[in-house]
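Lettering of chains follows the sequences in order, A, B, ..., and the numbering in each one begins at 1.
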2 protein chains.
Amino acid sequence: MHSSARKIAANAEDDADIGGIDGIVGFHIRLAHGAVYRHFTETFVDLELTQKQVSVLWLIDEHPDIAQADIGRRLQMDRATVMAIVNRLQKRGFVERGASTGDRRRQTLHLTSTGQAALAQARASVLEHEAWLKSRFTPREVALLIDLLKRIHE
Amino acid sequence: MHSSARKIAANAEDDADIGGIDGIVGFHIRLAHGAVYRHFTETFVDLELTQKQVSVLWLIDEHPDIAQADIGRRLQMDRATVMAIVNRLQKRGFVERGASTGDRRRQTLHLTSTGQAALAQARASVLEHEAWLKSRFTPREVALLIDLLKRIHE
DNA sequence: AAAAACTGTCTGTCTTGCATACAATTCGCG
DNA sequence: CGCGAATTGTATGCAAGACAGACAGTTTTT
């Protein structure tokens with residue numbers, strides 16, 4: 001009897017999120033992202049690559065001759081932001097810009113051999129980083145988490 | 001028989017993440033965080049507050065006379081970063097720094113009445129933002145997602 | 001009492017995100 | 001077909017945040 005009263009109170013609190021910041025989904029996404037970001041950075045200090053830079057390298061490798069605008073769409077980044085990242089990667093000799101056949105507004109992007117080598121190293125580090133991240137989940141939970149996250153960004 | 005062979009192949013691919021960026025948990029966390037960040041920013045254009053700033057206001061309100069170092073620990077931010085944020089909030093008259101009783105290294109932080117008002121508005125916007133975020137999940141899934149995310153950042 | 005740790009502060013650098021603007025190019029619709 | 005609209009890359013400037021390194025005052029540990 002009094003236990004059901006307690007339950008009701010608890011539910012009421014849940015509905016109102018207790019006013020506490022811990023009930024905010026966005027708050028936990030921020031913190032989780034921060035933790036992942038920090039560990040990623042640690043893993044990549046030697047390679048001197050950021051998350052975004054690796055993502056762009058990876059994407060160019062998966063889709064040779066992709067254009068900057070497409071990268072922006074896939075990674076949900078501004079065109080100007082993509083350009084800044086590509087500039088950095090180009091300055092380090094990882095990617096090259098080339099002419100596009102057909103549409104003269106676009107440019108093709110492809111990895112140099114240096115870029116290929118960097119990506120190969122990066123892939124290994126990403127797997128190490130992922131192992132750290134996945135170590136706290138079962139394979140089922142990993143799939144579940146990805147599914148939930150996809151619903152947010154897709 | 002041949003189906004088991006296929007299964008093995010499929011598992012092998014799973015283990016290697018198919019080489020695809022879509023199999024990377026961190027990748028989805030980044031994208032999800034980006035989407036949430038963007039929507040948050042849209043929701044708060046009028047209030048001109050960022051995620052971090054709201055989090056800090058919220059935290060100071062929840063824990064009056066908290067010190068900067070404690071904020072940093074709870075929100076996983078560098079001391080220098082916390083200071084930058086508190087400086088901005090102080091410049092806008094939302095928070096005040098005060099002396100700490102006992103430990104003279106620390107300072108206490110508390111909201112001004114202006115800060116209280118801003119936080120009240122912010123809370124409403126956060127709920128609106130959260131509703132957008134939660135709209136794609138059942139209550140069970142929300143709880144599940146929070147649980148999974150907590151394991152990453154706790 | 002000396003060493004180590006903590007706290008706030010300051011400075012500077014790097015990355016990212018976004019707004020704005022511009023020119024060249026391509027596309028869509030009348 | 002032709003002209004306005006949309007796309008693409010580029011450039012610039014600004015704000016926020018992360019972090020490293022340094023410093024001084026204070027507290028805790030040994």
Discussion item. Nearest heavy atom decides the nucleotide; on that basis, is A:Arg73 or A:Tyr37 closer to the 5' end of DNA chain D?
Written reply: A:Arg73
Discussion item. Ring-plane angle category for B:Phe27 and A:His153, please: parallel below 30°, perpendicular beyond 60°, tilted otherwise.
Written reply: perpendicular
Worksheet, complete the sentence: When rounded to whole Å, the CD to P distance for the pair B:Glu48 and D:dC14 reads 17 Å
Fill in: Contact check, side chains of A:Ile60 and A:Leu119, non-hydrogen atoms, under 4.5 Å
no
Worksheet item: Applying the side chain to side chain contact (heavy atoms under 4.5 Å, CB included) test to A:Asp65, which of A:Thr108, A:Asp70, A:Leu109 qualifies?
Response: A:Thr108
Worksheet entry | Rounded distance (Å) that lies between atom P of D:dA22 and atom CZ of B:Arg79 | 13 Å
Fill in: Side chain of B:Arg105 - closest among C:dT26, D:dA20, C:dT7
C:dT7
Discussion item. Need one value for B:Ala84: base, sugar-phosphate or nothing, where a base atom within 4.0 Å counts as base even if backbone is also close, heavy atoms only.
Written reply: nothing
Worksheet item: Do A:Arg74 and A:Glu62 come close enough that some side-chain heavy atom pair is under 4.5 Å?
Response: no
Discussion item. Check the phosphate of D:dG17 against B:Thr50, side-chain N and O only, distance under 4.0 Å to OP1 or OP2. Yes or no?
Written reply: yes
Practice prompt. Report whether A:Leu59 and A:Leu49 are members of the same hydrophobic cluster (ILVMFWY, side-chain heavy atoms less than 4.5 Å apart, transitive linking).
Written response: yes
Fill in: Strand contacts (DNA chain C) in residues 85-99 of chain B, 4.0 angstrom heavy-atom criterion
B:Arg97
Worksheet item: Between atom CD1 in B:Ile71 and atom P in C:dT7, what is the gap in whole Å?
Response: 13 Å
Worksheet item: Taking OP1 and OP2 of C:dG17, is either one under 4.0 Å from a side-chain nitrogen or oxygen of A:Gln76?
Response: no
Item to complete: Name the residue closer to the 5' end of DNA chain C, choosing between B:Met83 and A:Lys52 according to the nucleotide with the nearest heavy atom.
Response: B:Met83
Discussion item. Once you apply a heavy-atom cut-off of 4.0 Å, does B:Gly72 come out as touching a base, just sugar-phosphate, or nothing?
Written reply: nothing
Worksheet item: Nearest to the side chain of B:Ala80, which nucleotide is it out of D:dC19, C:dA19, D:dT10?
Response: D:dC19
Worksheet item: Any Lys/Arg nitrogen of B:Lys150 or B:Asp147 sitting under 4.0 Å from an Asp/Glu carboxylate oxygen of the other?
Response: no
Item to complete: Given side-chain contact (heavy atoms from CB on, under 4.5 Å), test B:Gln107 with B:Val86 step by step and report yes or no.
Response: CA-CA 12 Å; B:Gln107 290 189 334; B:Val86 171; over 6 Å; no
Worksheet item: Between D:dA18 atom C1' and A:Leu31 atom CG, what is the distance in whole Å?
Response: 15 Å
Discussion item. In whole Å, I'd like the distance from the CZ atom of B:Phe44 to the C1' atom of D:dA15.
Written reply: 18 Å
Worksheet, complete the sentence: Testing C:dG8, D:dA16, C:dC18 for proximity to the side chain of B:Arg106, the answer is C:dG8
Worksheet item: For D:dA16, does either OP1 or OP2 sit under 4.0 Å from a side-chain N or O belonging to B:Gln51?
Response: no
Worksheet, complete the sentence: Closest to the side chain of A:Arg104, out of D:dT27, D:dT8, C:dT26, is C:dT26
Item to complete: Would you indicate what A:Asp103 reaches in the nucleic acid, counting non-hydrogen atoms under 4.0 angstrom: base, sugar-phosphate, or nothing?
Response: sugar-phosphate
Fill in: Length of the line joining A:Leu75:CG and C:dT15:C1', which is rounded to integer Å
15 Å
Worksheet item: Between D:dA20 atom P and A:Arg38 atom CZ, what is the distance in whole Å?
Response: 11 Å
Practice prompt. Counting heavy atoms from C-beta on, name the nucleotide in C:dG17, C:dT25, D:dT27 closest to the side chain of A:Met77.
Written response: C:dG17
Response to the item:
Here the distance between atom P of C:dT16 and atom CZ of B:Arg30, to the nearest Å, is 11 Å
Discussion item. One thing to verify: whether A:Glu141 and B:Arg151 come together as a salt bridge, which I'm taking to mean a side-chain N less than 4.0 angstrom from a carboxylate O.
Written reply: yes
Worksheet item: Among C:dG17, D:dC19, C:dT9, which nucleotide sits nearest the side chain of B:Gln107?
Response: C:dT9
Worksheet item: D:dT8, C:dT16, D:dG17: which one has an atom nearest the side-chain heavy atoms of B:Gln53?
Response: D:dG17
Worksheet item: Of the nucleotides C:dC10, D:dA11, D:dC19, which one has an atom closest to the side chain of B:Thr81?
Response: D:dC19
Item to complete: Anything under 30° is parallel, anything over 60° is perpendicular, the rest tilted; go ahead and classify A:His129 against A:Phe40.
Response: perpendicular
